[in-house]
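Accompanying notes for the structure given below.
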Amino acid sequence: MTGTLVGPSRYPTACVGERTLLTVDFDKITSLAKRRGFVFQGSEIYGGLNGAWDFGPLGVEFLNNVKRAWWRSMTQLRDDVVGLDAAILMAPEVWRASGHVETFTDPLVACRQCKMRFRADQLDGDGSSRCPNCGGELTEPRQFDLMFKTFVGPVEADAATVYLRPETAQGIFVNFQNVQKATRRRLPFGIAQIGKTFRNEISPGNFFFRSREFEQMECEYFVSPTGAEDAYRAWIAERHHWYLDLGLKPENLRLREHQRDELSHYSAGTTDVEFRFPWGWGELEGIANRTDFDLRRHSEFSSKDLSYADEVTGERYIPYVIEPSAGATRSMLAFLCDAYDEAEVNGETRAFLRLHQSLAPYKAAVLPLSKKEPLVAVAHEIERALRPHFMITYDETQSIGKRYARQDEIGTPYCVTVDFDSLEDRAVTVRERDSMAQQRLPIADLIPALKEKLEVVSS
Ligand code: ATP
């Protein structure tokens, strides 16, 4: 789905002043994310840049794991999807053909009193609504261009204007023929891409749910017109399962099929995968039957024939496209919210991130019971042995209880504790995050044992 859709299908962000009981938990999640180095406000020391977020040491691992899981499910586990990494800067004609130049806008209103801006489609629709921030009078809605402009070459002139891509999909459409010819694929087949995307959103917010710079994971699946409906249904089921397989709770996930009046003009059907965020349901992904709109428009605008000839059946047609279009950063936020939990341990309320093992930033932590030699030497020896196999962390400061707590709140599934007995029996204690069960294992068996325990997504 592209941003050419303006209106009811665009999920509202919470307006200023809107607080629910659940916001309390969300505050805890956002503060944990910052405190432990998952996510920082972009340009924070300069007061921050609204809608821009920086992913810290744990955040980048987590986000990479989300992207790796998607990439694996798309390209490694399927024989009908191949990958692509297209340029962010594209010929400006691309965005005219796609319809973005004409229609990629949000209606915007401003408060005459406090000057805050809001998306008109997110306010009560009778035209009489007041500013959600101060109750002041609002201006008439005006269209607001969501594409960031920049210039190629040294001259800032109209002729040199290019856009930062507001979706990754167009890089795929313009390469359809290149990829089809290079791989000699027969339809149906898909092209998958992950990459940075930029939208000058009017009201970025809800942490990094709606950002101005974010990452998308998109697949364009090219199919014959007669096969499109079946492929559309199959992709809805497939994508729904992906989130469930990575541990999202079924009660926090739902599919929402768009009503006819919400559909963009080219879409023969769109279904959103939605997650129950602390402030309400929000879109994680849209799966759309985009008909032959994209390749037809690019054929017209580029004057290149992008039709496909099936050598077996002799048919020639412009392919239909089924598009599962997901947000990588937004999915990460959903996994983060879903995994956040609190439990009482020894009379103390503690935070846990019950992340799926394949998404957890660290797979295991190596913890010597004391900072003394020769314990530390053995612990380092184990750490060095594990590192080539898993993403590992090492921690020797403070009590073991505190260190377990620190690993639990960043989602590390296993802690490997080296104690004084380890020096004698060459064994360690392996503690599991969720059950807190402990098991004594010989150091020599540690790598195969952890490999068996971890359902690590291989890269
Ligand atoms: P929304 O209604 O939330 O603005 P959209 O319908 O415009 O989203 P699409 O154009 O379908 O979104 O983009 C596909 C996916 O990209 C979305 O499902 C979402 O996960 C992600 N996405 C879109 N806009 C943003 C944003 N501003 N910040 C983070 N992720 C985004």
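Both counts, for ligands and for their atoms, begin at 1 and track the order of listing. Just so you know, these numbers use all the heavy atoms, side chains as well, and skip hydrogens, waters and symmetry mates.
Defined by atom type and a distance below 3.5 Å, a donor-acceptor pair is present between the side-chain atoms of Ser325 and Glu218. Side chain to side chain, Ser307 and Arg316 meet the donor-acceptor criterion of an N or O pair below 3.5 Å.
Among the atoms of Ala326, none of the N or O lies under 3.5 angstrom from an N or O of ligand 1. Note: an N/O pair closer than 3.5 Å links Leu284 and ligand 1 by distance alone. Here's the thing with Glu201: one of its N/O atoms is less than 3.5 angstrom from an N/O atom of ligand 1. Close N/O approach between Glu283 and ligand 1 is found [any backbone or side-chain N/O within under 3.5 Å]. Close N/O approach between Arg330 and ligand 1 is found [any backbone or side-chain N/O within under 3.5 Å]. The shortest N or O to N or O distance between Phe208 and ligand 1 is not below 3.5 Å.
Applying the 4.0 Å criterion to heavy atoms of Ser325 picks out, from ligand 1, the atoms 13 (O), 14 (C), 15 (C), 18 (O).
Residue-level proximity to ligand 1 for Arg199 is carried by the side chain, the only part with a heavy atom below 4.0 angstrom. By the criterion of a heavy-atom distance under 4.0 Å, the backbone of Glu285, and not its side chain, is placed next to ligand 1.
No option in Phe214, Phe38, Trp53 other than Trp53 meets the ring pair (Phe, Tyr, Trp, His ring centres under 6.0 Å) test with Phe207. Of the residues Arg35, Arg354, Lys402, the one that meets the salt bridge (Lys or Arg N to Asp or Glu O under 4.0 Å) test with Glu409 is Arg35.
With atom 28 (N) of ligand 1 as the reference point, the heavy atom nearest to it among Ser211, Gly205, Ser203 is part of Ser211.
Aromatic pair His100/Tyr163: ring centres not closer than 6.0 Å.
No side-chain heavy atom of Asp292 sits less than 4.5 Å from a side-chain heavy atom of Tyr266.
Between the side chain of Asn65 and the backbone N or O of Leu359 there is at least one donor-acceptor pair closer than 3.5 Å.
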